[in-house]
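Sequence lines set the chain letters: A, B, ... in the order given, protein chains first and strands last, and positions in each chain run from 1.
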Protein chains: 2
Amino acid sequence: MTDLCEPTRSRKPSAPRRATLPQILNAAEWTFGTRGLKGTRVEEIAGLCGIPKANILYYFHSKEALYQATLARLLDIWLADADEWLSPERDPMEGMEGYIRAKMAFSRTRPEGSRLFAQELLSGGQMIQGFLKETLRAHVERHAEIFLAWQAKGLMRVIDPTHFMCLLWSGTQAYADMQVQFEALLDRESLLDTDYEAGIETFLTLIRPLFVQLG
Amino acid sequence: MTDLCEPTRSRKPSAPRRATLPQILNAAEWTFGTRGLKGTRVEEIAGLCGIPKANILYYFHSKEALYQATLARLLDIWLADADEWLSPERDPMEGMEGYIRAKMAFSRTRPEGSRLFAQELLSGGQMIQGFLKETLRAHVERHAEIFLAWQAKGLMRVIDPTHFMCLLWSGTQAYADMQVQFEALLDRESLLDTDYEAGIETFLTLIRPLFVQLG
DNA sequence: GTCTATATAATGATAGAC
DNA sequence: GTCTATCATTATATAGAC
């Protein structure tokens with residue numbers, strides 16, 4: 001998946017390539033996440049990089065290829081947080097809080113990435129079928145087993161693990177995907193750190209009862 | 001807002017207008033929700049209606065005007081459920097369950113509408129600034145007061161009402177907006193009634209502890 | 001009001017000089 | 001590898017017959 005970022009297979013990337021490629025991918029993540037695949041003009045990405053658009057199409061053969069490369073780079077880091085925080089050894093509620101904070105931090109620091117993923121899902125997810133059906137499904141099954149183990153030990157109340165994970169995602173990603181709605185409701189120019197903190201606290205209030213002493 | 005659906009102000013709409021307009025708006029909701037504003041071709045909407053695309057642009061002066069009209073019709077029904085279920089008289093937990101079921105039913109029966117709204121938010125919500133800052137904000141403030149009243153009476157645990165509503169929305173709309181993701185995870189061709197039911201039950205499991213006897 | 005045909009604008013992609 | 005200029009395609013919007 002990572003090699004989508006490298007249209008050619010040179011063993012040692014040249015200096016300009018090492019410098020320009022990440023710059024293009026960063027600009028592409030912002031633009032695709034903000035305008036969508038169809039709404040993005042290659043020229044805007046080029047403008048953000050300060051280079052002519054022909055250069056973009058020199059590195060990536062087409063707009064769609066750049067889109068796929070941008071998605072691929074994003075998906076590589078998408079699931080990283082879960083394995084760190086949701087592990088069998090860790091204390092359940094401590095892991096949940098860490099996971100929610102990590103997901104929320106992603107929505108705060110890289111909102112366009114979250115929006116890019118959301119747009120891809122909304123438009124049918126054709127580009128990420130493989131990721132969804134293989135990587136993500138395996139990821140969810142692995143963590144569902146951890147939840148079920150906690151439940152079997154009486155450390156967690158009985159709840160459907162898959163639907164629970166979906167709720168965790170939608171609730172945390174909403175702070176990126178529905179950002180303009182939240183800004184309007186909270187009457188903010190842009191969301192404050194305290195807003196994200198309040199969102200975390202609200203989430204934790206809902207989740208804590210799952211982990212209290214079950215008696 | 002409703003009159004955006006009617007480009008002319010004839011007091012008595014002609015018969016073909018009454019027949020064709022809703023058909024166009026239905027097709028537009030599906031197409032805009034599936035492909036986004038930029039990704040939608042007027043010709044596809046026309047094809048779904050079985051009419052030439054020039055007719056679409058006769059009724060609506062531009063693709064963007066049709067987009068706004070489609071959004072306007074959607075927003076008119078967007079908030080209808082809340083006032084029915086979240087009222088001061090009703091039993092809190094009964095109201096919450098009714099509200100969640102209503103929101104989930106919308107995601108099941110009209111997913112393209114939910115996706116259209118989501119796409120508009122993702123792309124910055126320029127078209128619905130007025131709705132967000134006036135109508136929706138007033139809506140949320142009204143229901144936040146109900147939550148706060150419940151909390152003051154000891155009928156509900158203390159939780160931030162605005163962030164709580166945001167969680168309710170993201171969690172229920174996710175079953176439309178992230179539908180392809182859920183289908184991949186649950187290994188379904190398309191989501192079953194039992195999947196939505198399991199989602200509702202998961203949500204209720206999280207919410208019930210907010211309303212147990214507080215002692 | 002409904003349709004066919006067309007003008008016009010936007011933009012992805014390429015050719016070819018440097 | 002980088003750039004300018006251009007081509008080719010696509011799709012919105014309009015003109016005008018019926």
Side-chain angles (χ1 to χ4, degrees), chain A residues 4-32 34-71 119 123 126-127, chain B residues 4-25 27-28 30-32 34-71 119 123 126-127:
Chain A
L4 277 174
C5 305
E6 300 269 344
T8 62
R9 289 306 213 106
S10 58
R11 197 164 286 276
K12 192 171 184 2
S14 68
R17 180 177 291 272
R18 275 203 311 276
T20 308
L21 272 180
Q23 193 185 16
I24 293 175
L25 287 168
N26 287 340
E29 182 170 310
W30 188 93
T31 312
F32 284 130
T34 304
R35 314 223 185 280
L37 170 56
K38 293 281 187 177
T40 289
R41 284 169 298 151
V42 175
E43 195 167 15
E44 181 170 11
I45 300 177
L48 288 173
C49 300
I51 60 179
K53 71 175 175 181
N55 292 25
I56 308 275
L57 294 162
Y58 166 75
Y59 284 111
F60 302 90
H61 298 344
S62 67
K63 179 168 96 159
E64 216 175 70
L66 173 57
Y67 180 75
Q68 289 189 352
T70 310
L71 263 178
Q119 299 232 30
S123 56
Q126 300 300 319
M127 305 283 195
Chain B
L4 277 174
C5 305
E6 301 268 344
T8 61
R9 289 308 211 110
S10 58
R11 197 164 285 277
K12 193 173 184 359
S14 66
R17 180 176 291 272
R18 275 203 310 277
T20 308
L21 273 181
Q23 193 185 15
I24 293 175
L25 288 168
W30 188 91
T31 312
F32 284 130
T34 304
R35 315 223 184 278
L37 171 55
K38 293 281 187 178
T40 288
R41 284 170 298 153
V42 176
E43 195 167 15
E44 182 170 11
I45 300 177
L48 288 173
C49 300
I51 59 179
K53 70 175 174 180
N55 293 24
I56 308 274
L57 294 162
Y58 167 75
Y59 284 112
F60 302 91
H61 299 345
S62 68
K63 177 168 97 161
E64 218 175 68
L66 172 57
Y67 180 76
Q68 289 190 351
T70 309
L71 263 178
Q119 300 232 29
S123 56
Q126 301 300 317
M127 305 283 196

Exercise for the section: Quick one, give me the B/S/- string for nucleotides 12-18 of chain C, reading 5' to 3', where B means a protein heavy atom under 4.0 Å from the base and S means that only happens at the primed atoms, P, OP1 or OP2. Expected result: BBB----

Provide, to the nearest angstrom, the distance between the [atom1] atom belonging to [X] and the [atom2] atom belonging to [N].
{"X": "A:Ile51", "N": "D:dT4", "atom1": "CD1", "atom2": "C1'", "answer": "15 Å"}
{"X": "B:Tyr67", "N": "D:dT12", "atom1": "OH", "atom2": "C1'", "answer": "17 Å"}
{"X": "B:Phe60", "N": "D:dT14", "atom1": "CZ", "atom2": "P", "answer": "15 Å"}
{"X": "A:Leu66", "N": "C:dT11", "atom1": "CG", "atom2": "P", "answer": "16 Å"}
{"X": "B:Ile56", "N": "D:dA11", "atom1": "CD1", "atom2": "P", "answer": "16 Å"}

Practice task
Give a yes/no answer on whether the side chain of A:Asn55 brings an N or O atom under 4.0 Å of OP1 or OP2 in D:dG1.
Solution key: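 For A:Asn55, the contact criterion (side-chain N or O under 4.0 Å from OP1 or OP2 of D:dG1) is not met.
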
Handout entry: Pair A:Thr40-A:Tyr67, side-chain contact (heavy atoms from CB on, under 4.5 Å): steps then yes or no
Key = CA-CA 10 Å; A:Thr40 289; A:Tyr67 180 75; over 6 Å; no

Exercise for the section: Grab the two heavy atoms, one from B:Thr70 and one from B:Leu66, that are nearest each other, plus how far apart they are. Expected result: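 That would be OG1-O, 2.7 Å.
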
Practice task
Looking only at non-hydrogen atoms, find the nearest pair between B:Thr31 and B:Glu44 and report the distance.
Solution key: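 Heavy atoms of B:Thr31 and B:Glu44 come nearest at CG2-OE1, 3.8 Å.
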
Handout entry: Short side-chain to backbone donor-acceptor contact, B:Lys38 and A:Leu37, under 3.5 Å
Key =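 Side chain of B:Lys38 to backbone of A:Leu37, a donor-acceptor pair under 3.5 Å: no, none is there.
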
Exercise for the section: Would you please name every residue forming a salt bridge (charged side-chain N to carboxylate O under 4.0 Å, His left out) with A:Glu29, sequence neighbours left out? Expected result: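 Checked A:Glu29 against salt bridge (charged side-chain N to carboxylate O under 4.0 Å, His left out); matches are A:Arg73, A:Arg110.
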
Exercise for the section: Quick one: list whatever passes side-chain hydrogen bond (donor to acceptor under 3.5 Å, both in side chains) with A:Arg41, sequence neighbours left out. Expected result: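 Scan of A:Arg41 (side-chain hydrogen bond (donor to acceptor under 3.5 Å, both in side chains), adjacent residues dropped) gives none.
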
